[in-house]
Amino acid sequence: MLRLIVVRLLAAVPVLFVVSLISFGLTLLVPGDIAAEMAGPSANRVEVEQIRAQLGLNQPPLERMLHWYGGLLQGDLGKSILLNQSVGSAILERLPVTLSLAGIALLMAALVGIPLGLLAAAKAHQWQDQAAMGGALMGLSLPDFWLGLLLIWVLAVKLQWLPSGGWIPFSDDPVGWLRSIAMPAGVLALNQMGPLARMTRSAALEVSNSDFIRTARAKGLAEPRVFARHVLSAAAVPILTVAGISFGIALGGALVIEQVFSLPGVGRLVIGAVLRRDWPVIQGGLLLTAFVFVAVNLIVDLLYLWVDPRLREAR
Amino acid sequence: MKMPAILKRRSFAIGLVLVGAVAFCAVFADVLAPFDPVKNNFRYRLGEPNDIYLLGTDRFGRDVLSRILHGARVSLRIGLMVVIASGLIGGVVGLVAGWWPKADAWLMRVMDGLMAFPGILLAIALAVTLGPSEMTAVVALTVAYSPRTARVMRGAVLVARAQDYVEAARAVGAKTGRILRRHIIPATMAPLMVQQTYIFAVAILAEAVLSFVGVGPPPPRPSLGAIIADGRDTMIEAPWIALSPGVAIAMIVLGLNLLGDGLRDALDPRMRNTVR
């Protein structure tokens with residue numbers, strides 16, 4: 001077990017190396033003068049040179065890279081020019097908003113999508129199946145930011161049930177937090193519900209032909225129990241895989257949906273930095289979101305062992 | 001005349017109608033659009049939908065319907081270019097990785113690294129790095145989404161190379177180039193086509209996001225996402241500007257997903273259990 005965890009951790013190292021290379025390499029692709037662009041059109045030569053020195057752009061690329069990696073190994077992602085704050089702390093203080101948004105969205109998607117997929121498999125090729133799968137496909141085809149605007153218009157502007165945006169921390173006011181996260185998380189959940197429901201259906205259909213399911217039925221188990229206990233646990237691995245991928249997509253979606261609902265998360269920070277060309281923040285944002293994704297998929301890998309004892313035996 | 005079997009699949013037929021309808025409007029936007037999409041009319045700004053302006057006008061008095069027709073053309077064009085580019089790049093990478101085990105580990109680590117980023121964030125960062133334009137959007141989305149194609153292609157190559165007929169071709173002395181051309185590549189076309197249909201859908205959604213956050217192709221010819229971004233500030237007085245282009249995006253994406261499902265079921269029933 002421990003050996004397996006170490007093996008998985010080591011496998012993540014090359015991926016993270018590629019991730020860091022891409023995050024760093026991005027600035028080498030910028031066509032113009034980064035320092036001049038960041039300083040703005042009204043800046044004089046001295047200010048531009050100041051920013052150039054601050055970013056280390058007066059050094060050759062290789063030296064810059066070594067410097068960047070040196071900082072990275074000490075947990076230093078550089079300093080945001082616009083915020084005058086270290087990139088690491090700027091991102092970390094906003095990460096809880098983004099992670100809770102993506103996490104709650106995935107939870108909502110799983111709570112609706114998995115039962116929906118099981119229902120579709122139990123009633124395969126009947127109207128319930130077609131309705132559930134039609135709904136799932138519809139959900140994953142709607143642009144999330146547009147759906148957010150639509151919900152704001154209906155629920156916040158017309159009906160005035162929910163606030164149109166803004167963030168209330170859970171520790172300040174749990175009910176207010178729920179109201180502020182309901183719409184953005186709901187939008188992302190609707191998107192992620194589709195893949196989960198589709199995967200659950202196909203995995204459940206595959207499993208439901210196996211001998212042990214026939215045995216379960218033959219010994220007189222009620223159909224809901226057959227599905228909840230036997231089919232679901234045998235279909236858990238592919239469902240988990242999709243959930244891991246979905247988390248990555250939900251994370252990307254959270255970054256975008258934060259713009260729509262004015263939530264103070266990593267997305268607001270990074271996309272704001274993109275529009276104002278604050279390169280250290282862009283690099284740090286890319287690096288840390290990829291890091292979170294790799295970590296989540298490591299957890300998913302370990303969850304495989306928990307849901308499927310056969311995999312524990314394999315090594 | 002006999003109807004091809006694939007058209008009898010309901011999801012494929014509905015998808016074809018949806019995509020076909022939008023593609024028709026996009027191709028003939030010049031003829032179909034009742035107004036010039038970039039012509040201002042300050043006497044009728046933020047106008048409600050009526051008999052003349054079927055979907056109303058925006059803050060410059062431009063006809064929203066005409067803008068959507070032309071916007072669909074931009075969105076579809078970018079999506080199609082991403083499909084072709086990611087099909088070529090992802091296809092070649094997947095072919096090399098699947099056929100030569102020595103290249104496999106290296107190439108797939110790079111692909112895994114690219115896929116570790118939220119695709120949309122990588123595309124946004126690349127778009128701003130290279131400077132917003134239509135070409136940039138295509139490049140950014142291609143880099144972000146080709147790894148998925150490479151993965152599917154690699155899987156298909158691994159399946160194909162294990163077949164007896166490939167072994168037989170090698171036994172009779174066929175050269176690698178010939179085996180790839182005659183036996184491997186044709187066998188990968190079905191999964192590749194299905195994958196690229198889904199990539200088309202994803203690319204159109206992602207391009208809309210690029211435009212929405214302001215790093216898409218610059219005005220005056222907006223994509224559907226840019227029209228939504230444009231209408232966002234006037235959501236309360238004139239919700240039709242931001243809301244109607246979304247319906248067009250949803251139609252295309254839903255249609256493409258249905259086409260993909262139909263193709264997948266028709267081309268290879270065993271693939272029904274895979275998700276993209």
Side-chain angles (χ1 to χ4, degrees), chain A residues 14-23 26-27 29-32 137-138 140-147 149-150 152-153 157 194-195 198-199 202-203 205-206 238 241-242 245 248-256 259-260 267 270-271 274-275 277 282-283 285-286 289-291 293-294 297, chain B residues 10-11 105-106 109-131 143-144 201-202 204-206 208-209 212-215 224-225 228-229 231-232 235-236 239 242-243 245-247 249-258 261 272-276:
Chain A
V15 174
L16 289 176
F17 180 67
V18 173
V19 160
S20 64
L21 267 186
I22 295 169
S23 305
L26 211 58
T27 52
L29 295 174
V30 183
L137 198 65
M138 197 73 204
L140 73 93
S141 298
L142 296 174
D144 45 12
F145 64 95
W146 174 79
L147 203 57
L149 290 175
L150 180 66
I152 289 177
W153 186 61
V157 177
R198 283 153 65 98
M199 190 39 142
S202 64
L205 274 182
E206 190 154 297
T241 308
V242 172
I245 297 168
I249 301 174
L251 196 62
L255 301 177
V256 174
Q259 317 294 312
V260 178
V270 175
I271 292 176
V274 161
L275 297 177
R277 313 288 191 268
I282 302 174
Q283 291 175 312
L286 276 171
T289 46
F291 201 89
F293 179 75
V294 171
N297 278 283
Chain B
R10 199 163 38 165
S11 68
W106 288 97
R109 282 303 82 73
V110 175
M111 295 297 121
D112 285 348
L114 280 170
M115 279 204 284
F117 296 108
I120 192 67
L121 183 61
L122 183 60
I124 290 173
L126 276 170
V128 73
T129 304
L130 304 172
V143 173
V202 171
I204 284 180
L205 280 176
V209 174
F212 180 71
V213 302
V215 295
L224 292 170
I228 299 178
R232 190 186 165 188
M235 266 300 282
I236 300 193
L243 295 185
V247 177
I249 298 178
M251 268 177 74
I252 309 174
V253 175
L254 181 64
L256 286 167
N257 280 329
L258 284 166
D261 285 0
R272 252 173 239 183
N273 290 319
T274 59
V275 281
R276 44 201 164 115

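Naming convention: chains lettered A, B, ... in sequence-line order (proteins, then strands); numbering from 1 in each chain. In this text, all values refer to a predicted model and were calculated from it rather than measured experimentally.
Taking B:Val209, B:Asp112, B:Thr129 one by one and counting their heavy-atom pairs under 4.5 Å with chain A, the maximum is reached by B:Thr129. Between chain A and the options B:Met251, B:Arg232, B:Met115, heavy-atom pairs under 4.5 Å are most frequent for B:Arg232. Taking chain B as the reference chain and counting heavy-atom pairs below 4.5 Å, the highest number among A:Leu26, A:Asp144, A:Leu255 is found for A:Leu26. Between chain B and the options A:Asn297, A:Val274, A:Val30, heavy-atom pairs under 4.5 Å are most frequent for A:Val274. By number of non-hydrogen pairs under 4.5 angstrom with chain A, the leading residue of B:Leu243, B:Ile249, B:Val253 is B:Leu243. Contact count against chain A (heavy-atom pairs under 4.5 Å) is highest for B:Leu254 among B:Leu256, B:Leu114, B:Leu254. Taking B:Leu126, B:Ile228, B:Leu122 one by one and counting their heavy-atom pairs under 4.5 Å with chain A, the maximum is reached by B:Ile228. Heavy-atom pairs under 4.5 Å with chain A were tallied for B:Ala250, B:Pro245, B:Gly246, B:Gly225; the largest tally goes to B:Gly246. Note on A:Leu16, A:Ile282, A:Ile22, A:Leu142: by heavy-atom pairs under 4.5 Å with chain B, the leading option is A:Ile22.
For A:Val294, the part lying near chain B is the side chain, with the backbone staying farther off; criterion is any non-hydrogen pair under 4.5 Å. For chain B, the nearby parts of A:Leu150 are the backbone and the side chain; heavy atoms of each come within less than 4.5 Å. For A:Val260, the parts sitting under 4.5 Å from any heavy atom of chain B are the backbone and the side chain alike. Looking at A:Val256, only its side chain comes within 4.5 Å of chain B, counting heavy atoms on both sides. Contact annotation for B:Met111: neither backbone nor side-chain heavy atoms come within less than 4.5 Å of a heavy atom of chain A. Of the atoms belonging to B:Ile120, it is side-chain heavy atoms, and not backbone ones, that fall under 4.5 Å from chain A. The contact between B:Leu258 and chain A is made by backbone and side chain atoms together, counting heavy-atom distances below 4.5 Å. For A:Leu29, the parts lying near chain B are the backbone and the side chain together; criterion is any non-hydrogen pair under 4.5 Å.
Contact detail for A:Leu275 and B:Gly214: the closest heavy-atom pair is CD2-O, 4.2 Å. When every heavy atom of A:Val19 is checked against every heavy atom of B:Ala116, the shortest pair comes out as CG2-CB, 3.8 Å. In terms of heavy atoms, A:Gly252 sits closest to B:Pro118 at CA-CB, 3.6 Å.
Residues passing the side-chain hydrogen bond (donor to acceptor under 3.5 Å, both in side chains) test with B:Asp261 are A:Arg198, B:Tyr198, sequence neighbours excluded.
Between atom CZ of residue A:Phe145 and atom CG of residue B:Leu205 there is a gap of 8.0 Å, rounded to the nearest 0.5 Å.
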From CA spacing to verdict: side-chain contact (heavy atoms from CB on, under 4.5 Å), A:Leu140, B:Asn257: CA-CA 9 Å; A:Leu140 73 93; B:Asn257 280 329; 3.4 Å; yes
From CA spacing to verdict: side-chain contact (heavy atoms from CB on, under 4.5 Å), B:Met235, A:Leu149: CA-CA 8 Å; B:Met235 266 300 282; A:Leu149 290 175; 4.2 Å; yes
Go through the steps for B:Leu121 and A:Val270 under the test side-chain contact (heavy atoms from CB on, under 4.5 Å), then give the verdict. CA-CA 9 Å; B:Leu121 183 61; A:Val270 175; 3.8 Å; yes
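Crowding of B:Ile236 atom CD1: a count of heavy atoms from other residues, nucleotides or ligands under 6.0 Å not exceeding 12.
Looking only at side-chain heavy atoms (C-beta outward), A:Ser23 and B:Phe117 come within less than 4.5 Å of each other.
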